[in-house]
Amino acid sequence: MSLADLVFIGIAAVTILGALMAVSFKNVFYNALSLILCLFGVACLFIYLNSEFLAIMEVIIYIGAIAVAIIFAIMLSRPMARETEKLEAAKISRSFVIAAFLFAGLCLTLHRTVWHAASPEGDYSMRMIGKALLGWGILPFEAVSLVLLVAIIGALLLAAGKERSS
Amino acid sequence: MTAFLPETLLLTCGILFLCLALGRESASRAAWGLGLATAGSLLAACVWSLGAPPETLFFSTYRIDLFSQGFKTALAGALLVVVIFSREEASGTTGKRIEYFLFLITATLGMMMMTSAADLLTLYISLELSSYSLYLLASLKADRRGAEAGAKYLLFGAATSGLMLWGFSLLAGLSGTTSLALIAQQAPVLAAQPSFALAVVLVSFAFLFKLSGFPMHFWAPDVYECAPTPVTAFIATASKAAAVAILIRLFSWTGLTPALVWVVGILAFVSMTLGNCAALVQRDVKRLLAYSSIAQAGYLLVGLLAGSADGYASAFFYAIAYLLMNAAAFLVTMEVGRAARLDNPQVSHFDGLAERSPFLALILLLSLLSLAGIPPLAGFTGKWILFSAAMDKGHWFLVLWGVLNSVVSLFYYLTLVKHAYLEKPVDPSPIALPARLKLLGLLLFFALVGMGVFPDFLIRFTQQAAGGLR
Amino acid sequence: MSQSLESYLFLSAALFSIGVYGLLARRNLVAILISLELILNSASINFLAFNKFCLADKAVGQVFAVFVIALAAAEVCIGLSLILLLYRKRGSINVDEAGELKG
Amino acid sequence: MSGFPILTSILLCPVVGLGLILLTPRRQETLIKWISLVAAAATVALTGWLCFHFNAADPSFQWVENVEWVKAYGINYSNAVDGLNVTMLLLTAIVIFCGILVSWSVTYRVKDFFANMLFLVSGVFGVFMTTNLFFFFLFYEVAVIPMYLLIVIWGSTNKQYAAMKLTLYLLFGSALMFAGFLFMYSLPEARTFDLLAIKQNVHFTLQQQNVLFLGLFLGFGVLAACFPFHVWSPDGHVAAPTAASMLHAGVLMKLGGFGILRVGVYLLPDGARTWAPLIAGLALCNIVYGAMVATQQRDLKYIIGFSSVSHMGIVLLGIATLSPTGFNGAVFQMFSHGVMTALFFACVGFIYDGCHTRMLDELGGLSKQAPKISAFFIIAGLCGLGLPGMGSFVAELLVTIAAVSRYPVIGAVSVVALLVTAYYVLTAVQKAFYGPVNHHHHDFKDIGALQFIPRAILVGVLIYLGLFPQVFIGLISASTRALLGGG
Amino acid sequence: MDLALLWTIQAAPLLAFLVIQLLPGGLKKAAPLVAVGGALAAALSSLRLLWLHLDGGSLPAVFAVNWLDVADAPLWAHTQIPHYSLSVGFLVDPLNLLMITLVTVIALFVHVFSAYYMADDASRARYFGFLSFFAFSMTGLVLSSNLLQTFLFWELVGLTSYLLIGFWYEKKSAGDAARKAFVLNRLGDLGFYLGTILLFILFGSLDFVDLRADVLRQAFAPAVLTTLGLLVFTGVMGKSAQFPFHAWLPDAMEGPTPVSALIHSATMVAAGVFLLARGWGLFSASVTTLQVILVIGSLTAFVGASLATVQRDIKKIMAYSTVSQLGFMVMAMGAGAPVAGMFHLSTHACFKSLLFLTAGAFIHHFHTNDIWEIARGGGKKDKLAMAVLTLGLLSLCAVPPFSGFFSKDMILEALKEHSLFFYGVGLFVSFLTNYYSFRMLFVLLFSKEAAGRAAAKPHAPAAHGHDAHAHVAHGASDAAHAETGLLKFCRALPLVSLALLSLYVGALGTPLFHNALLHWLGGAEIESHLDLSIVAVTMTLFAAGVALAWFQFRDPEAAEKRLESSANPVKLLLDRKFFVDDAYVFLVKGVGLRLAALLNWIDKKAFNGILVDRTSYAILGLGKLGSKLQSGQLQDYLSLAMAVGVLILFFVINSGGVHLAVGG
């Protein structure tokens, strides 16, 4: 087992741990912080998958924007940060059973499947990504801008709401 | 490229609305006119594009064929209907008129792109475009209940899109490509893989969410109830049609293994039964219509699981019929609600509708009977060919169950009819119907009867469209 | 070989399941949103893993993942504003207190 | 026999009438009534003409009309008639004509009422003339919904419950038909909904026949009020307004018997053979059980309702014999029972309008006050109890002959109903019409000339049928023989 | 000529009926005239027909047309008959001619008498309409050429009987009696109907001319013949009031008395006996059938006669007497002597209608049916009535030379030849007949007239005053005074004519007239030879009967008191009419209606309750459940969706494996 493998295992462990903490801490603020940890792990995994670009994106957008926005929102509503929620045993066990079975089923399925095989070697460069975005990905690329636009306007509208209607 | 005209038009109008949104308050008065113009010209463009030869655009990620253009026409029609509904400000949209129309347009654009998407990525983005617009539309009425419904819709939808993404990734991993055409080529070989079935299930879950079929139907009653009525109508018509389109595409690409047929069959079974039974105990008409739409999703699935060209054609036909009859039903619901100064008319508000407005009562009668599948209306013919396709594949039990379900459904439809025709109204003042709605009602009337009695043209059209799917 | 496709997939499946667990178990809407992010991330991992092991064109998976991230951002944007709206209207962001619509 | 599309013209009469009524202003009530009457009279004239010019010796379908409708699904708008259809068309025309005359006194929502009546009857005409299963089903359901409205708006006595029950029950039956029709279509040799083409091209296996026939029989049996699916019918009869009851019991229920013959027996003779004993048993239940329960009723309309159940049993028994004689009897019974119950309801409706009650205990001495209406009722009652000289006697005779030859025990027991029927009919007559005048209805007036006409027509038909049955049998016997494949 | 006459006989009463129905309100008074006209036409035509065929040369003649094709293939697996059809038509043979003459002539007299009797009734147009319709049905029955046609008219006479019994329908008892009559007749007719149908299926023909004993015996096994014969005989039992179906006949006296005279004594009830003669081929084909017929006839004769001995109501006495005499006729048939039966039918028709009309005359006058009341009212002062009554009774008691003597003598003779036991029964019944006849006569004759009766009893007691209804407005004496000459004529003519007929019809069967009637009916070989031993016995019995009656009723008032106070099992048995009515009440109310109530309950609870209501509740419950599933909790929704998803996942994995295995 190479070092890379060991590190990989470590990263995977951190990711899983982050994820577990992100859902299990009762305080939502800790959840958000755990999420950041988890996302960091994911970004590292992306590097393992030869996608440096995506790793950077993950850090910039996910951690830099999304996670921060979440923390922002938590901070915006002061009580939220302090509040620890009471969890219902029934709900927890229900969810746990479903998630466990889901995991088992997914693993079983994934394990049994023969995947399309391709060489891991190839051009992972940003240039290729840029070409793809302006090539076969042009329509989604244009569309996603519309989506973001809609999201922003919508968010403004919802968040502002009161001011404009009155 | 001319075939891309409808989308171009929508995009242009969307930008126009965006500009308006930046403008002054007074601009919102022009919104309706502009919206109407948009929808009208869109419909014209779609009809015009029907004649376009089949082609693929944007490096084979976008597919123009009779099927997609047909559905786009239907979507444009739905948009037109909803815009006509939106002349008066729906409750909760005050001050958000421009955004309202903008979201309508982006949602329609997303749905149109869905019908044409030939690549997983395009499909994903267009789906999200329409979904996000719909989430926003549904929560426009930013009150307690509206926010709750919006949040439920969004979270449910986001979870669903997570599932879908998983499905997409599995498809990509199995086939080594994201092009749907290429996936379709490999589908017969891939069908033996358990992950493939899983992927199809996951993806169809996402589309079931749009179709509001079991088990992804839970958002529907709550959202239908709380969204502004025209928005509910839009969700119930356009979104549904788009879901049918994409389900047809999906099944025609991936094919249906026996196991999947079982799965879809069981989902259809539960959907029909649950929707119809739960509708029996509803008092809120919009909620009732939501459950009815869950049941209708079940019928549609019965046709879809036939997996034959006939099945797809009949699902197409039924989607159009469903669009029309739901539009008619919501037209009446909206007007009754308006007369009662309520956004959520209860069954009792329909009392004496036949005296207050015989025309509305007639439209209601026709739409509900059509929903129940009573001849000689569009819903009947649709159901006939839908179930006929399923029967061809030997799904006699589902067919029988479906028809029995429509008997059950007749109970609540007729209850509504009874309220309209029999009960004495609390407020006997006549309901004045604006001319545009009257005209729309008349059009829907003729469309429902026409599709029921002279369905040949449309059936041939849908069969031609379904024939060109692969 | 720990860095096999399967190990990525299992990891992603674990993330996915954890996300689902959080989605189903947490009461706090923000926590639910966080769980959703886990699910989306697991999908991203999938895409990139397949990108490496299954896809010939190495740009495809990456592009897909980029879009996933972009849309996740949009989703969080709308989601957070909705949550805040709900918080304003109800004074609570617990999901089980938003149960007025039922039946 | 191509040329003038007379069948479509018959169908168009009520449809055009309906259109005209919809265009007529709501206040022009008399005009609306006259439009419907003229439309109904036109159907009587046309069906009468049809009966006279029908070639009774030819067992094949005549006056074939065929227009391609939905090519992809083998749906043709095709009409054709044989003896069976012709007589049913005539029955429908007679009953609707009388029904509209009887409804002359309707004052509430006149326009809607007559529009519904004409709509309903269009459906019935359609069923009786079409040879395409799609249109068969279409017309069938077209006839159901107006019935719901008629009951729920103009009905009485627990009308909402009854109307809903009736509608759901009938549609439940039609659901089975629906599945059966689609199954036939789905067979590779078929790919069409055309009755004649299916008969010609498709060779059902015995198992298919057995399953399909059972399904279709249950479907049609519901409409024919076959035991134990009869429960909708008495309630429905009771709640419906007069003319609707007439049409309902007189014509709609006959759709069931007609369907069993036209679709079930015609297409699936072997299936019919398999299930015939079961049908005979159920029919016996209908006959005896219906009559027994009728003795316990206190409401005149309920009595008639259960008597209909009993009489429809005779139709079913005739069908179950699977012999031309039995079929003749069944069809004859459908016709005469149609006319008879129409007469019954025409009388009870009038009495109810005048006395505001139908309970036997609250009636009495009506013969004294209103001898004419009483006489009509008594005549209908006598027909019901199978008095010779009336249509029902001949029908029962034929059915009993066929039944005794095929199922001696069932045939013999079925005759018991004649006794029970006599008991309840005479009890009803005695309580409602004999005895001293009840104070509940001291100002009840006998029928006038206008209301006399429709009832007199019905009585005339009944007696004519009873005296000259061969005229009727001659019309149908070639066709009934052909049903089982005989020449 | 024959056909025209037949049509006249058949159609004249129908025409009268229709004309009466169509008479406008103002002309309703003419109804009696129309009806009498119709009856007269029929009577004259039938006499003319009889005259034409007296030599019997061209008989039997059949005029029939096809009525209904039934089948073109064998109905029964074992039969080879290729074509079944039913016909209608006239059959003319001596039996028919005798019967039709009898019917039309008596009908004519009754019509005339009715004109007197119903003169004051407001509904007499309806009455005469029904009466004419009865005449039509009865002539149809008599003239019909086959068994089914007979059944057809058989039912129609039943209907008119029903309508006329219930003529005064405001009275509950009248309605009840009418219904009872119809339903009991129906009960019998079920057998008739089934028998006819079975015969048709097996034999292929119902024409009387085809029903010959030798042919039938060749075609069928004895058991089949017995079954057929007994089935048809049930109809006879119903119509001719044979035990245990006789219960309706006494109740039928609720109808106007002329109706009783015509329908319930002379013609309709005799139709059963007529049918026995008509279908003699069928009945005589099986010895067992005849045996049963004989037993039933004897029972009936005994029951009728014994019950007649305790009645106070003059019409009831006569009704039971009719039952008894019908039993006699049926006995004759059972003993294999149809000619004797028919002979007795003819004579009985004359004297019994005479007796009923006399009773009617009394009732009309005294507004009571009770013989004691009539006697107190001065019944014996009505000389004409008393004279014809006595004459009729003597005829009934078979005293020579009255007509009853000859016919009854013939029956007794046949019985004696057949079996001594039944001969004994016949003699005993004769004795009873003598007893009750003279009981009535003595009561009427020896009672003392009560003073001021008319004033004291303006209305008859409810229990007896059946016919009083018509006269509510009038006092008795007023009515008497109001009788015009025409009405008196209408009263007297039938009485006298029938009396004469009662005297002489019997003679037609004696050597005096060369046994004309018997030859006519049965051929040349039948002779009536007075068996002096029988005459001696009957005369002894006559004397005994009269003596017993004299002994008991020479003082009617005392007898009345004595009867009221006495109590013994025999009296109880007779008072309760051998419990036959109770048995019927039990069967109908205790068994039939209870069963019906049970079925009704099942219909409500089981079919309506379970099939409809419970099902819909279940569906609604499912709906409530489904709506409860929609709990409002987002995570419940998601959990459910996910759980379903996981289930599907495992399903897909497993079936995918299966698929792989199969594919591999």
Side-chain angles (χ1 to χ4, degrees), chain B residues 119-122 124-125 127-129 131-133 135-136 138-139 142-179 195 218-219 221-226 278 281-284 287 291, chain C residues 5 9 12-13 16 19-20 23-24 29 32-33 35-51 53-57 60-61 63-68 70-72 74-79 81-90 93 95 97-103:
Chain B
D119 188 277
L120 290 178
L121 190 59
T122 322
Y124 173 52
I125 302 297
L127 193 84
E128 295 297 330
L129 177 59
S131 293
Y132 289 175
S133 311
Y135 302 153
L136 290 169
S139 39
D143 57 358
R144 271 172 75 91
R145 297 159 70 86
E148 180 188 330
K152 282 179 178 171
Y153 194 16
L154 172 85
L155 292 174
F156 209 107
T160 315
S161 60
L163 298 186
M164 181 183 69
L165 271 180
W166 250 79
F168 280 177
S169 70
L170 293 180
L171 282 179
L174 282 164
S175 64
T177 174
T178 56
S179 160
S195 286
F218 288 106
W219 58 274
D222 299 352
V223 171
Y224 273 49
E225 184 183 338
C226 280
V281 294
Q282 301 305 321
R283 307 311 302 163
D284 186 301
R287 214 173 166 78
Y291 280 108
Chain C
L5 172 63
L9 292 181
S12 150
F16 183 74
V20 167
L23 185 67
L24 301 186
L29 277 168
I32 290 176
L33 212 59
S35 311
L36 279 173
E37 295 312 314
L38 293 179
I39 294 178
L40 292 181
N41 269 288
S42 82
S44 298
I45 294 175
N46 263 2
F47 272 114
L48 288 177
F50 285 130
N51 187 45
F53 297 104
C54 304
L55 299 180
D57 183 349
V60 171
V63 169
F64 223 115
V66 169
F67 281 110
V68 171
L71 287 183
E75 181 209 305
V76 167
C77 180
I78 301 176
S81 56
L82 258 175
I83 289 171
L84 285 178
L85 180 68
L86 202 64
Y87 177 67
R88 272 213 310 275
K89 297 289 172 194
R90 289 181 177 270
I93 52 164
V95 69
E97 278 160 41
E100 198 174 312
L101 302 168
K102 61 182 175 187

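Heavy atoms only: backbone and side chains are in, while hydrogens, waters and symmetry mates are out. Below, read A as the first sequence line, B as the second, and so on, with proteins coming before strands; counting in each chain starts at 1.
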Problem - Top of C:Leu85, C:Asn51, C:Leu40 for chain B proximity - count of heavy-atom pairs under 4.5 angstrom - result: C:Leu85

Exercise for the section: Test C:Val68 against B:Tyr124 for side-chain contact (heavy atoms from CB on, under 4.5 Å), laying out the working first. Expected result: CA-CA 9 Å; C:Val68 171; B:Tyr124 173 52; 4.2 Å; yes

Completion exercise
Of all heavy-atom pairs linking B:Ala138 and B:Val223, the shortest is CB-CG1, 4.0 Å

Practice task
Report the relative orientation of the aromatic rings in B:Tyr153 and B:Trp219; use parallel for angles under 30°, tilted for 30 to 60°, perpendicular for over 60°.
Solution key: parallel

Exercise for the section: Would you mind telling me which of B:Ala149, B:Ser169, B:Ala147 has the largest number of heavy-atom pairs within less than 4.5 Å of chain C? Expected result: B:Ser169

Exercise for the section: Below 4.5 Å from any heavy atom of chain C, which atoms of B:Leu136 appear? Answer side chain, backbone, both or neither. Expected result: side chain

Practice task
Could you walk me through whether B:Lys152 and B:Phe156 pass the side-chain contact (heavy atoms from CB on, under 4.5 Å) test, one step at a time?
Solution key: CA-CA 6 Å; B:Lys152 282 179 178 171; B:Phe156 209 107; 5.8 Å; no

Exercise for the section: Give, as side chain, backbone, both or neither, the part of B:Tyr291 having an atom under 4.5 angstrom from any heavy atom of chain C. Expected result: side chain

Problem - Option that, when pairs with chain B are counted at under 4.5 Å, heavy atom only, ranks first among C:Leu33, C:Leu29, C:Val20, C:Leu36 - result: C:Leu36

Handout entry: Pairwise distance CD1(C:Ile83) to CD1(C:Ile78) - rounded to 0.5 angstrom
Key = 12.0 Å

Exercise for the section: Before accepting this row, confirm whether a basic side-chain N of the pair C:Glu100/B:Arg144 lies closer than 4.0 Å to the acidic partner's carboxylate O. Expected result: yes

Exercise for the section: Against chain B, label C:Ser42 side chain, backbone, both or neither, depending on which of its atoms sit under 4.5 Å from a heavy atom there. Expected result: both

Exercise for the section: Can you tell which part of C:Leu5 gets under 4.5 Å to a heavy atom of chain B, answering side chain, backbone, both or neither? Expected result: neither

Problem - Which atoms of C:Val95 approach chain B - backbone, side chain, both or neither, heavy atom under 4.5 Å - result: neither

Problem - Note, B:Glu225 side chain near B:Arg145 side chain (heavy atom, < 4.5 Å) - result: yes

Practice task
Counting only heavy atoms closer than 4.5 Å, note whether C:Ala65 contacts chain B via side chain, backbone, both or neither.
Solution key: neither

Handout entry: Heavy-atom pair count under 4.5 Å with chain B, highest-scoring of C:Asn46, C:Leu55, C:Val60
Key = C:Asn46

Practice task
State the OG1-CZ distance between B:Thr178 and C:Phe47, to the nearest 0.5 angstrom.
Solution key: 8.5 Å

Exercise for the section: Taking all heavy atoms of B:Trp166 and all of C:Leu9, pick out the closest pair and write down the distance. Expected result: CH2-O, 4.5 Å

Practice task
Heavy-atom distances under 4.5 Å only: say whether B:Asp284 touches chain C with side chain, backbone, both or neither.
Solution key: neither

Exercise for the section: Give a yes or no on whether a salt bridge exists between B:Glu148 and C:Lys89, defined as a side-chain N under 4.0 angstrom from a carboxylate O. Expected result: no

Exercise for the section: Flag the one option from C:Ala13, C:Ser35, C:Gly61 with the top tally of heavy-atom pairs under 4.5 Å to chain B. Expected result: C:Ala13

Practice task
Please flag which part of C:Leu23 lies under 4.5 Å from any non-hydrogen atom of chain B: side chain, backbone, both or neither.
Solution key: side chain

Handout entry: Pairs of heavy atoms under 4.5 Å with chain B: top-ranked of C:Ala43, C:Cys54, C:Ala98
Key = C:Ala98

Practice task
Pick one of side chain, backbone, both or neither for C:Ser12, based on which atoms fall under 4.5 Å of a heavy atom in chain B.
Solution key: both

Problem - Side chain, backbone, both or neither of C:Ile32 within contact of chain B (heavy atoms, under 4.5 Å) - result: side chain

Problem - Part of B:Arg283 within contact of chain C (heavy atom distance under 4.5 Å) - result: neither

Exercise for the section: Kindly say whether the aromatic ring centers of C:Phe64 and C:Phe67 come within a distance under 6.0 Å. Expected result: no

Handout entry: Contacting region of B:Leu154 [heavy-atom separation from chain C under 4.5 Å]
Key = side chain

Practice task
Please state whether the side chain, the backbone, both or neither of B:Ala278 comes within less than 4.5 Å of a heavy atom of chain C.
Solution key: neither

Problem - Residue pair C:Ala72 / C:Glu37: nearest heavy atoms and the distance that separates them - result: CB-OE1, 3.8 Å

Exercise for the section: Please state whether the side chain, the backbone, both or neither of C:Leu101 comes within less than 4.5 Å of a heavy atom of chain B. Expected result: both

